[in-house]
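Below, chains carry the letters A, B, ... as their sequence lines are ordered, and counting in each starts from 1. In this text the structure is predicted, and so the values were computed from the model without any measurement.
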Amino acid sequence: MKVKVRLHATLRRHTPEGYQNRLEVELEEGATVASLLRKLNLGMEPEHLLIVTNRRRIEPEDALADGAKIDLFPPISGGN
Amino acid sequence: MTEAIWRVNVNKQTVTTEPVPESWQRLAGRALIPRILLDEIPPKCEPLGPFNKLLFVPGFLVGHMLSSCDRISVGAKSPLTGGIKEANAGGTTGLKLVHLGIKAMIIEGAPAGDGWWLLHLSQEGGRFEPADDIVGLGIEESAARLREQYGDKVGIALIGPAGEMMMASAGIQNLDKDGAPARIAARGGLGAVMGSKRLKAIIIDKTDYTPPPLADEALYKDAKKRYVKALMAHPQTKTYADYGTVAVATMANGFGAIPVKNFSVGEFENIDKINADNMRDIILERGGDGDTTHACMPGCLIMSSNCFAGPDGEKIVTPLEYETIGLVGSNLGIDDFDTIAKLNQEMNDLGIDTIEMGGALGVAAEAGLMEFGDGDRAMELLQEVRQGTPLGRALGQGAATIGKLYSVRRVPVVKGQTMSAYDPRAIKGTGVTYATSPQGADHTCGLTIRAKVDHLDPTVQLDVSIAGQINTAGFDTLGACMFSGFGFSAAPPDTIRDLLKGQYGLDFGENPLQELGRETVKLERAFNKAAGFTAADDRLPEWMTVEPLPPTNAVFDVSEEDLDKVNEVFS
């Protein structure tokens with residue numbers, strides 16, 4: 001199956017083919033977020049990442065569906 | 001140098017010093033503000049009247065250029081909310097006040113005449129000087145003239161035209177480490193309180209580095225080493241340096257929680273134009289004054305600030321941050337950084353909280369005073385504020401006032417204060433914070449966007465909000481930037497305790513952050529209760545409980561029972 005991944009802020013420089021922020025990743029059926037992260041190899045512990053799909057937070061152990069759109073955020077928070 | 005209380009009487013024009021009362025010694029920064037106000041002012045007093053007092057209180061760790069820990073807390077009874085107010089800022093004000101030996105500065109009384117004054121502070125004490133020649137000038141010109149007169153190494157806290165007109169959206173600007181008057185104690189109308197005392201500016205004439213003494217230097221240095229090591233190792237530090245807070249825009253948008261067109265939608269169609277990647281690319285491409293990485297305080301290693309320049313490479317504004325991008329950008333339907341930056345700089349020059357004015361302009365757009373997306377019209381409305389026209393004065397009083405004036409139902413405020421750039425229907429824990437914080441709606445009182453919960457589930461928000469409220473109040477008491485939190489939480493557990501012990505010789509127990517944070521919120525709630533606040537004030541506006549927010553179509557449905565539990569926790 002395939003999922004679409006968007007990498008935000010600092011994460012975009014860790015992609016396999018260099019500087020990019022939109023990827024399509026081929027995964028085995030029933031793959032979890034953790035297996036996606038292993039494949040992406042972003043150089044950051046999963047606990048530091050915020051992972052969002054369909055406007056909800058998901059965790060490394062959650063399963064992914066074919067065609068899912070995943071947003072990955074590095075550790076960052078607000079300020080004015 | 002012994003720490004002292006400096007008391008400034010604007011009626012007699014005297015500045016005297018006193019020893020620190022025992023009951024104030026174990027408090028600092030945000031925590032000391034409600035303690036002093038409870039001890040010294042009638043809680044039901046008029047915020048712009050003679051009985052309110054304006055306080056400048058550095059946090060516990062201020063004075064040693066410990067990374068991101070030199071913030072100044074400013075406080076008073078708020079003319080915007082009618083309750084307790086603390087707003088803190090970076091820059092050099094906190095550092096220099098501590099170097100003068102000031103534990104807290106209390107500005108009190110009512111001015112006798114119509115004149116405007118400067119308060120000059122130095123090792124010789126304090127004195128008043130006339131300021132009538134800079135009255136009416138914007139922040140930039142005022143600060144430039146003051147730096148010319150007093151030298152470019154002094155610290156300055158000052159108000160702009162909004163503060164002079166005692167608008168409830170007025171803040172107090174402070175110089176950053178490079179002398180730019182851009183670090184604002186923004187929220188709740190503290191600039192109006194300073195205006196009511198007829199103080200245009202405070203000059204802190206302390207240019208040599210004289211950190212306060214350490215009770216146990218070895219312990220302090222060891223704890224400092226642990227903190228700095230953890231801070232530098234944390235991936236967050238790198239993200240902030242490269243992108244700053246604007247990186248939050250896509251995150252809030254991803255949760256359907258970014259404010260769009262007066263909080264009517266939670267996802268912005270042109271988010272790619274106002275996201276972190278685009279801002280970084282623009283700043284780097286334009287060069288000139290633009291800078292993706294900037295420290296607002298001396299010694300800061302996080303450096304989350306920035307400088308945004310125009311196509312000609314000339315500075316438009318420093319810094320340009322997420323809350324402003326949310327409230328003045330997507331909330332007004334504006335999708336280009338140049339327009340947002342220009343509006344931001346105009347508000348900075350007026351000495352205005354960008355969140356409050358962004359909220360007021362959003363409500364104004366809904367009322368038909370401007371079209372969403374029309375940056376030129378927004379700028380015209382800010383000129384009304386500058387000129388003090390009736391409409392400008394109404395806008396300057398904030399979103400609640402303009403909403404009432406034009407009978408707009410969709411007004412995003414709690415306790416009269418505009419919400420930050422997270423719609424509480426889609427980040428419900430932050431909604432609990434907005435509803436129940438004694439400060440009014442404010443993300444810096446307990447933002448929950450990174451909490452490991454489903455932000456749409458109303459049953460799991462109470463605990464994350466309470467944890468956030470305690471933590472942020474704790475950091476505000478240390479004088480620590482909220483971004484230092486990643487460093488402190490990654491450092492060994494006794495680091496904060498040892499820093500305090502090393503500096504003061506005082507033991508704050510197993511978990512000083514928790515204890516100080518809890519004590520702070522308790523004192524603040526006690527002040528608000530004495531000022532007349534009840535459970536009815538700890539609510540989001542009714543329309544947010546019934547009007548669904550696209551695209552999640554969530555309403556704010558955390559139970560009233562849960563909201564009322566916050567009071568039990570802090571009483």
Would you indicate whether A/Glu28, at its atom CD, is surrounded by more than 12 heavy atoms from other residues, nucleotides or ligands within a distance under 6.0 Å? no
Give the member of A/His8, A/Arg55, A/Arg6 that has the highest number of heavy-atom pairs under 4.5 Å with chain B. A/Arg55
Need one label for B/Ala451: side chain, backbone, both or neither, based on atoms under 4.5 Å from any heavy atom in chain A. backbone
Do A/Ser35 side-chain atoms and A/Ala31 backbone N/O form a donor-acceptor pair below 3.5 Å? no
Which portion of B/Val453 sits near chain A, non-hydrogen atoms under 4.5 angstrom: backbone
So which part of A/Leu49 gets closer than 4.5 Å to some heavy atom of chain B, the side chain, the backbone, both or neither? backbone
Looking at the rings of B/Tyr422 and B/Tyr322, which for Trp means the six-membered one, are their centres under 6.0 Å apart? yes
Holding to side chain to side chain contact (heavy atoms under 4.5 Å, CB included), I want the full list of residues that pass it with B/Asn88, two or more places apart in sequence or in another chain. B/Arg71, B/Ser73, B/Glu86, B/Asp476
Any donor-acceptor pair under 3.5 Å from B/Asn306 side chain to B/Leu320 backbone: yes
Chain A contacts, top residue of B/Thr239, B/Asp242, B/Asn275 (heavy-atom pairs, under 4.5 Å): B/Thr239
